[in-house]
Visitor: 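Here it is, the structure, as structure tokens.
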Number of protein chains: 2
Amino acid sequence: MNVLDPRNNHGVAYVDDAYMPVHEARMPLLDRGFVRSDATYDVAHVWKGSFFRLDDHIDRFFSSMHALRMALPHSHEEIAAILIECVRLSGLRDAYVQMTCTRGVPPPSSRDPRDCSNRFYAFATPFVWIANDTQRRDGLPMVLSSVTRIPPESVDPRIKNFHWLDLTMGIFEAYDRQAIVALLHDGHGNVTEGAGFNVFVVKNGVLSSPARGVFEGMTRRTVSELCVLLELPCEFRLVRVLEMLDADEIFLTSTAGGIMPVCLLDGRPVGTGMPGPITALLMSEYWARQEQGWLGTPVTNYPINANGNGACTS
Amino acid sequence: MNVLDPRNNHGVAYVDDAYMPVHEARMPLLDRGFVRSDATYDVAHVWKGSFFRLDDHIDRFFSSMHALRMALPHSHEEIAAILIECVRLSGLRDAYVQMTCTRGVPPPSSRDPRDCSNRFYAFATPFVWIANDTQRRDGLPMVLSSVTRIPPESVDPRIKNFHWLDLTMGIFEAYDRQAIVALLHDGHGNVTEGAGFNVFVVKNGVLSSPARGVFEGMTRRTVSELCVLLELPCEFRLVRVLEMLDADEIFLTSTAGGIMPVCLLDGRPVGTGMPGPITALLMSEYWARQEQGWLGTPVTNYPINANGNGACTS
């Protein structure tokens with residue numbers, strides 16, 4: 001492929017041992033990854049030309065595949081090299097990078113998932129923000145959704161999966177109620193997560209985030225590690241829906257946007273109605289440390305003159 | 001496409017306004033139908049050259065799309081014509097025919113499902129049997145799975161969807177325990193459904209099938225209608241797991257195979273251990289009435305000499 005074609009700035013995919021512009025990437029219609037959502041994935045991000053926690057994401061991807069009884073012919077190192085190459089070819093300095101393993105296409109008339117050869121797909125696209133610039137500065141409006149998150153007894157949320165219809169209906173509900181994001185409950189009075197994010201609540205200087213029924217996100221893990229470094233008390237535990245209503249601060253964490261303050265909950269101000277000091281401190285540390293190379297894997301040898309979304313420094 | 005190419009006997013797909021051999025059919029990697037399982041579908045079948053309940057399947061497909069806030073530019077009649085054409089081009093006399101609507105591909109960096117143009121995919125492949133000839137004659141071994149079915153509070157099972165990881169883990173559990181199929185429970189002591197099938201239990205001449213937390217399958221509906229015609233008492237209600245253990249007969253219903261007896265449950269014989277008389281009567285009526293044209297839509301104008309899986313009678 002022509003790495004300098006500006007159309008590639010929409011992203012680059014890797015399918016069937018070839019790199020291609022992401023808008024040209026296709027998968028078989030009969031892949032059980034589509035027709036049975038029989039797949040797992042992980043998403044890493046690249047910021048200013050460097051992956052953040054790339055090895056941690058790939059380790060988790062392997063754990064997820066193992067839990068679903070999937071395996072690929074690629075090693076950890078080979079997957080890292082493919083992901084880096086997707087980013088390099090795209091020229092993107094800030095990128096959203098997805099690796100996916102599907103069950104694959106069964107032989108004609110077979111319903112046995114053991115008959116499939118598992119398939120690998122990867123792509124890098126421009127960095128995705130759940131919250132735009134204004135929302136990251138002033139906070140997001142969020143609703144407590146009426147939808148119950150798929151429970152861990154049905155689908156283990158720690159295995160990153162595409163079972164998102166509950167989350168997608170939450171997105172519609174948020175828009176219907178003049179908000180941007182929706183937080184789902186567990187059917188027992190506890191909060192869980194939303195579409196692509198974990199939630200933290202701050203009360204009297206203590207941070208808490210749901211321990212169960214949620215994806216154990218990498219940004220969630222990063223916040224808990226920052227809390228150790230910054231000597232902030234932070235715990236994973238059951239978080240009651242009612243605790244949200246008198247929180248001092250609420251923020252969301254996601255690879256798609258980092259740490260994002262919530263300013264309104266069901267139309268009521270959270271705390272002062274503006275991002276609080278602990279949220280602001282964590283946001284600042286999260287980005288500053290990445291820019292200093294913390295847990296980073298630089299992408300090298302970007303094509304000269306590649307028209308990415310950051311300065312061309314390679 | 002060359003309708004007489006024998007490779008098309010694996011099936012024919014319709015994607016982006018074109019017909020093609022199903023093994024060549026592809027979808028965009030970034031379709032939310034894949035990367036968020038944001039899709040609905042329906043499956044009809046063709047038996048001896050005639051669709052069964054085609055209009056009922058398409059009606060339900062439209063209801064599912066409406067519930068997920070999706071819409072296609074195709075009318076009911078246009079979708080019927082596309083499905084019939086897939087079958088005709090395949091030459092298949094016995095076929096499994098799927099229609100799917102996905103949310104579509106969002107614009108670059110958008111996370112808003114409202115920004116997507118919904119997409120339509122269809123295909124016809126050879127008829128799929130959950131149970132093979134021997135299993136339909138002698139009965140299937142089934143396990144009561146340890147997995148809880150995704151509850152209706154999270155994802156409405158009446159909207160046919162690809163959220164199958166619970167069902168897929170059930171399939172693995174069945175194989176691990178020397179069975180073929182797994183029946184999932186609802187977490188409250190009631191049975192629900194399995195991978196692509198509903199369940200009926202027969203006790204003292206009365207048929208029962210779960211009323212809630214299940215897909216309301218077309219074969220399930222057909223059985224209830226046959227029961228009216230045959231003056232057999234049949235009810236949809238909560239069915240306790242414990243009722244399964246002293247059932248006289250158990251059978252499964254699915255478009256992928258019709259009515260299928262269960263002979264073993266967790267290794268214990270069901271009733272006599274052989275298919276019972278009510279199951280046998282319903283199986284017989286189900287196929288005989290279809291072959292007489294009941295609720296049928298014939299596929300006409302099959303290509304002459306098409307090498308389908310039935311007699312070439314067109």
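The analysis underlying the following values was restricted to heavy atoms, covering all of them including side chains, and did not include hydrogens, waters or symmetry mates. Chain A is the first sequence line, chain B the second, and so forth, proteins listed ahead of strands; every chain is numbered from 1.
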Visitor: Based on non-hydrogen pairs under 4.5 Å, which of B:Asp112, B:Val147, B:Thr102, B:Val128 is most in contact with chain A?
Guide: B:Asp112

Visitor: I need the B:Leu165 CG to A:Asp156 CG distance, nearest 0.5 Å.
Guide: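 Rounded to the nearest 0.5 Å, the CG-CG separation comes out at 10.0 Å.
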
Visitor: Indicate yes or no: does A:Arg26 engage B:Asp31 in a salt bridge with an N to O separation below 4.0 Å.
Guide: no

Visitor: Under the 6.0 Å and 45° cation-pi test, does B:Arg114 pair with A:Phe172?
Guide: no

Visitor: Given that the side chain runs from C-beta out, which part of A:Val35 has a heavy atom under 4.5 Å from chain B: side chain, backbone, both or neither?
Guide: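 For A:Val35, heavy atoms of backbone and side chain both lie under 4.5 Å from chain B.
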
Visitor: Contact part of B:Pro108 toward chain A, heavy-atom cut-off under 4.5 Å: side chain, backbone, both or neither?
Guide: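 Just its side chain gets close to chain A.
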
Visitor: With chain B as the partner, which of A:Arg36, A:Glu153, A:Arg103 has the greatest number of non-hydrogen pairs under 4.5 Å?
Guide: A:Arg36

Visitor: Keeping the roles fixed (side chain from A:Arg111, backbone from B:Ala195), state whether a donor-acceptor pair exists under 3.5 Å.
Guide: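 Yes.
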
Visitor: Taking A:Ile150, A:Val15, A:Thr100 one by one, which has the highest count of heavy-atom pairs under 4.5 Å against chain B?
Guide: A:Ile150

Visitor: Considering only heavy atoms, which portion of B:Ile180 lies under 4.5 Å from any heavy atom of chain A: side chain, backbone, both, or neither?
Guide: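 No part of B:Ile180 comes within 4.5 Å of chain A.
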
Visitor: Would you find a donor on one side and an acceptor on the other, under 3.5 Å apart, between the side chain of B:His163 and the backbone of A:Trp164?
Guide: yes

Visitor: Contact part of B:Ile130 toward chain A, heavy-atom cut-off under 4.5 Å: side chain, backbone, both or neither?
Guide: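 Both parts, backbone and side chain.
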
Visitor: Measure distances from A:Ala67 to the heavy atoms of chain B and classify the residue's part below 4.5 Å as side chain, backbone, both or neither.
Guide: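 Backbone only.
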
Visitor: Going by the angle between their ring planes, with limits at 30° and 60°, are A:Phe162 and B:Phe34 parallel, tilted or perpendicular?
Guide: perpendicular

Visitor: Verify whether one side chain among A:Thr168 and B:Arg32 offers a donor that lies under 3.5 Å from an acceptor in the other.
Guide: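 Checked: A:Thr168/B:Arg32 side chains pair up, N/O donor to acceptor below 3.5 Å.
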
Visitor: Side chain, backbone, both or neither: which part of B:Ser110 has a heavy atom under 4.5 Å from chain A?
Guide: neither

Visitor: At a 4.5 Å cut-off on heavy atoms, which part of B:Ile171 comes close to chain A: side chain, backbone, both, or neither?
Guide: side chain

Visitor: Using only atom types and a distance under 3.5 Å, with no angle test, would you say the side chain of A:Ser154 pairs donor to acceptor with the backbone of B:Arg149?
Guide: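 Such a contact is found between A:Ser154 side chain and B:Arg149 backbone.
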
Visitor: Report the distance from atom CG of B:Leu29 to atom NE2 of A:His23, rounding to the nearest 0.5 Å.
Guide: 13.0 Å

